[in-house]
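Numbered from 1 within each chain, the chains take letters A, B, ... in sequence-line order.
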2 protein chains.
Amino acid sequence: MSAAESAVETIQREMTIFARRARASAGRMHPELSLVSYTLLGHLEERGGCRATDLAAHYALDKSTVSRQVAALERAGLIERRLDPEDHRVQVLHLTDAGQEILAQVTRSRRAAFRERLADWPEEDLVRFAAYLERYNAGPGAADAD
Amino acid sequence: MSAAESAVETIQREMTIFARRARASAGRMHPELSLVSYTLLGHLEERGGCRATDLAAHYALDKSTVSRQVAALERAGLIERRLDPEDHRVQVLHLTDAGQEILAQVTRSRRAAFRERLADWPEEDLVRFAAYLERYNAGPGAADAD
DNA sequence: CGTTCTAGTTGTATAGTACAACTTGAACTG
DNA sequence: CAGTTCAAGTTGTACTATACAACTAGAACG
């Protein structure tokens, strides 16, 4: 096996390990906010509000799934729905103050965990690793799932 | 924000994206074999057989979860249980021929997907990326989840 | 108008998971 | 050696995330 093939093998294996761990620990991290909810809130913050359908398309989730997630987030007071005056079918979702607060908390604590995990990495390696990950995720086959 | 902080931020974000995608696509990849089942079979192959309790400990899963997964894999004819003659509480799990077959198929197809995804990466980058991932997964906080 | 498209909800089913209670066998202890 | 405690696994129950299908409500178009 060439060096390249062996590297691909390692990348596959390590990515699988990571995915499994992330899945296992996602629920435990923040009882308040699953990985999906966190991602949805983050998207809302980034975009400054969007429709449930947009979230579904963006994350390749069924609209029913998003509908229930959104309902839960609204019940928890983290987002609010505003009827689009232009089109009464549409509900534009926005973070509430409480939602921004929680999102910021979770983001801080996730960041702290990563920072600790990466504490003894030289800056040069951090920068290169970050670039590789971005490149990997931006690669072919990714467009439909981002 | 320093370059290192910004890189940590990126790593966090990209790892999260990856985890979400892996989760979403895990089921679709191989209807026969979920990510967890694949991992368990892989572990059995690597170890040449082990106990359900070992799997549970290794992957931080509840023993009941493993019990059901194992039952499903046995029903599917992919593994078999052998009573430990030394201790009749213990069932040592082994891959069947069919199990080795399926595992090899899934491994091949996963490998092909990764290979395609990484097709246009220079070998040097593949090797470095692989090394970073190994280092990340081997890092502190990983021991309990491997 | 009426047909067709779009946004979202609700019904139903499935997978994966955890926790608790239980069964069975092993080991230890007074 | 009898009784207790420990270990491996199974089963009952419940919850979450998910998808697909059927439905409702509103918009657009002809």
For B:T53, which contact category applies under a 4.0 Å heavy-atom criterion: base, sugar-phosphate, or nothing? sugar-phosphate
Nearest-Å distance, OH (B:Y59) to C1' (C:dG16)? 17 Å
Determine the interplanar angle of the B:F129 and A:F129 rings, folded into 0 to 90°, and report it as parallel if under 30°, tilted if 30 to 60°, perpendicular if over 60°. tilted
Closest to the B:K63 side chain, choosing from D:dA19, C:dT9, D:dG9: D:dG9
Under 4.0 Å, heavy atoms only, any strand: does A:R51 hit a base, just the sugar-phosphate, or nothing? sugar-phosphate
Indicate, with a heavy-atom threshold strictly under 4.0 Å, whether B:V36 touches base, sugar-phosphate, or nothing. sugar-phosphate
Nearest-Å distance, CG (A:L93) to C1' (C:dA7)? 11 Å
Starting at CG of A:L61 and ending at C1' of D:dC20, how long is that distance when rounded to a whole Å? 14 Å
Check whether any side-chain N or O of B:S67 sits under 3.5 Å from a backbone N or O of B:K63 as a donor-acceptor pair, and report yes or no. no
Which of C:dC19, D:dA27, D:dT10 is nearest the side chain of A:H88? It is D:dA27
Contacts of A:V92 that satisfy side chain to side chain contact (heavy atoms under 4.5 Å, CB included) - sequence neighbours left out: A:D84, A:V90, A:H94
Sorted by position of nearest nucleotide on DNA chain D, 5' first, the leading residue of B:V92 and B:R68 is B:V92
Side-chain N or O of B:T65 closer than 4.0 Å to phosphate OP1/OP2 of C:dA18: yes
Please determine, for the side chain of B:S67, which listed nucleotide (C:dA18, D:dA19, D:dT11) has the closest atom? D:dT11
Which nucleotide in the list C:dG16, D:dC20, C:dA18 gets nearest to the side chain of B:S34? C:dG16
Does a side-chain N or O of B:R89 approach OP1 or OP2 of D:dA7 to a distance below 4.0 Å, or not? no
For A:L55 and D:dT18, what is the distance between atoms CG and C1' respectively, to the nearest whole Å? 16 Å
Whole angstroms only, please: what is the CG-C1' distance between A:D87 and D:dA25? 11 Å
Is any side-chain N or O of A:Q69 closer than 4.0 Å to OP1 or OP2 of D:dT16? no
Is A:V70 touching bases, backbone alone, or none of the nucleic acid, heavy atoms closer than 4.0 Å? nothing
Output the rounded distance in Å from CD (B:E86) to C1' (C:dG25). 14 Å
Would you compute the distance between atom CG of A:L61 and atom CG of A:L40 and round it to the nearest 0.5 angstrom? 7.0 Å
For the side chain of A:R81 and the base of C:dT9, is some donor closer than 3.5 Å to an acceptor across the two? no
Please report the distance, rounded to the nearest Å, between CD in A:Q91 and P in D:dG26. 12 Å
Send over the distance from A:L40 CG to C:dG8 P, rounded to a whole Å. 13 Å
Would you call A:D54-A:R47 a salt bridge at under 4.0 Å N-O? no
Taking NZ, NE, NH1 and NH2 as the nitrogens, is one of them in A:R13 or B:E134 under 4.0 Å from a carboxylate oxygen of the other? yes
